[in-house]
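Here's the structure, in structure tokens; my notes come after.
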Amino acid sequence: MPRVAVQLVALMLLSACSPALLLNLTAPRAGVTWSSDIAYAPGPDHTLDIYAPSHRCANAPVVVFFYGGGWESGSRSSYRFVGASLAARGVVTVIPDYRLYPTVRFPAFMQDAAEAVAWTRAHVEEYGGDPNRLFLMGHSAGGQIATLLALDGSYLRADGVDPRQIRGVIGLAGPYDFLPLRSRTLKAIFGPETEWPRSQPINYVTSGAPPMMLAAGTADDTVDPGNTTRLAVRLRQDGVAVDEHLYPGLGHKLLIGAFASGLTSFAPVRRDTLRFIAAHGDAGAGCGEATR
């Protein structure tokens, strides 16, 4: 393991600071333009940040990233290391906040996510992004949001977005097939048992689904990696292109942490994500996206 990775992990373990704060300190600044606190809809928790390559071009691929936190915690400010890391490699990255439990319950955060995607399609050209090269990406609970947006097209259509306009989805350690609910909190978030199936991305797979990259760590004890393998199987059964990655020994948080330059040696999550975007985004002349 490279020395910088060892040092960063040691700092994360020993520091009183949050791991996200330390990872954000590694976020590249050169070549990245950061625009923050942009409203995508009225009301609190409806703001987003945009990380764009400084060398503006007209056709950069675009990722809308939804963070995790069990649908009850999280903040876009914790994921600067993700947005800047992708922007430094030619991808305009949009990170929205969305309302959380107990302020709201399902499907309110899905509606927020759809509004953020609709805003992105309408405005991302102002930041050098191509609205026709749009990807959804999410980690943990954000993976459920990203995949459900793409598979149950009702949320996007309600905001004027055709789900067929989504070029691909990157799901990182997401819960896609997590019934029955046993946690009291999850039962409160997702409502009466008769409504639970609406929250399961695996229930909405069709042959028209966009290509997906699904990744998990084999040592994940937060979200069962079986969610990843089961959704991948279902997608393939319907003829949908799937890149499936199970990273040996990787845990839940390190899967997303591996986007930070100091931690890429733990698993090639960032590289695999960039290659997936390049493969499905009709990459060509323009921003010269990297694939590592």
For a quick test of reading the model, state the closest non-hydrogen atom pair linking [X] to [Y] and the distance between them.
| X | Y | result |
| --- | --- | --- |
| Phe66 | Ala113 | CE2-CB, 3.4 Å |
| Pro201 | Leu151 | O-CD1, 3.3 Å |
| Ala39 | Trp119 | O-NE1, 3.5 Å |

Point to revise | Shared hydrophobic cluster, Leu250 / Ile170 (ILVMFWY, side-chain heavy atoms < 4.5 Å) | key: yes
Practice item. Determine, using the 4.5 Å side-chain heavy-atom cutoff (strictly less than), whether Val223 and Ile256 are members of one ILVMFWY cluster. Key: no
Review point. Going through the checks in order, is the ring-ring contact (aromatic ring centres under 6.0 Å, His included) test met by Tyr67 and Tyr98?
Key: CA-CA 9 Å; Tyr67 53 77; Tyr98 53 92; 5.0 Å; yes
Table please: side-chain donor-acceptor pairs of residues 205-218 below 3.5 Å, with sequence neighbours left out.
from, atom 1, to, atom 2, distance (Å)
Thr206, OG1, Gly208, N, 3.2
Thr218, OG1, Gly249, N, 2.7

Should [X] and [Y] count as side-chain neighbours, where that means a heavy-atom distance under 4.5 Å?
| X | Y | result |
| --- | --- | --- |
| Asp112 | Asp45 | no |
| Leu263 | Thr26 | no |
| Val92 | Pro53 | yes |

Review point. Hey, are Ser36 and Arg76 close enough side-chain-wise for a donor-acceptor pair under 3.5 Å?
Key: no
Check your understanding: Between Arg167 and Asp282, does a salt bridge (charged side-chain N to carboxylate O under 4.0 Å, His left out) hold up when you go through it step by step?
Key -> CA-CA 9 Å; Arg167 287 298 187 94; Asp282 290 341; 3.2 Å; yes
Revision key, fill the gap. Contacts of Ala173 meeting side chain to side chain contact (heavy atoms under 4.5 Å, CB included) (sequence neighbours excluded), chain-then-number -> His139, Asp220, His252, Leu255
**Study point:** For Thr229, side chain to side chain contact (heavy atoms under 4.5 Å, CB included) partners two or more places apart
**Key:** Glu244, Leu246
Review point. Counting heavy atoms not belonging to Arg236, are there more than 12 under 6.0 Å from its CZ?
Key: yes
Practice item. Tell me, yes or no, whether the heavy-atom count around Gln165 atom CD, taken from other residues, nucleotides or ligands under 6.0 Å, exceeds 12. Key: yes
Check your understanding: Taking NZ, NE, NH1 and NH2 as the nitrogens, is one of them in Arg230 or Asp224 under 4.0 Å from a carboxylate oxygen of the other?
Key -> yes
**Study point:** Asp177 backbone acceptor or donor facing Asn227 side chain under 3.5 Å
**Key:** yes
Practice item. Evaluate the ring planes of Tyr247 and His245, with Trp represented by its six-membered ring, and classify them as parallel (under 30°), tilted (30 to 60°) or perpendicular (over 60°). Key: parallel
**Study point:** Parallel, tilted or perpendicular: ring planes of Trp71 versus Phe178, cut at 30 and 60 degrees
**Key:** parallel
Revision key, fill the gap. When rounded to the nearest 0.5 Å, the distance separating OH of Tyr176 from OG1 of Thr147 is 5.5 Å
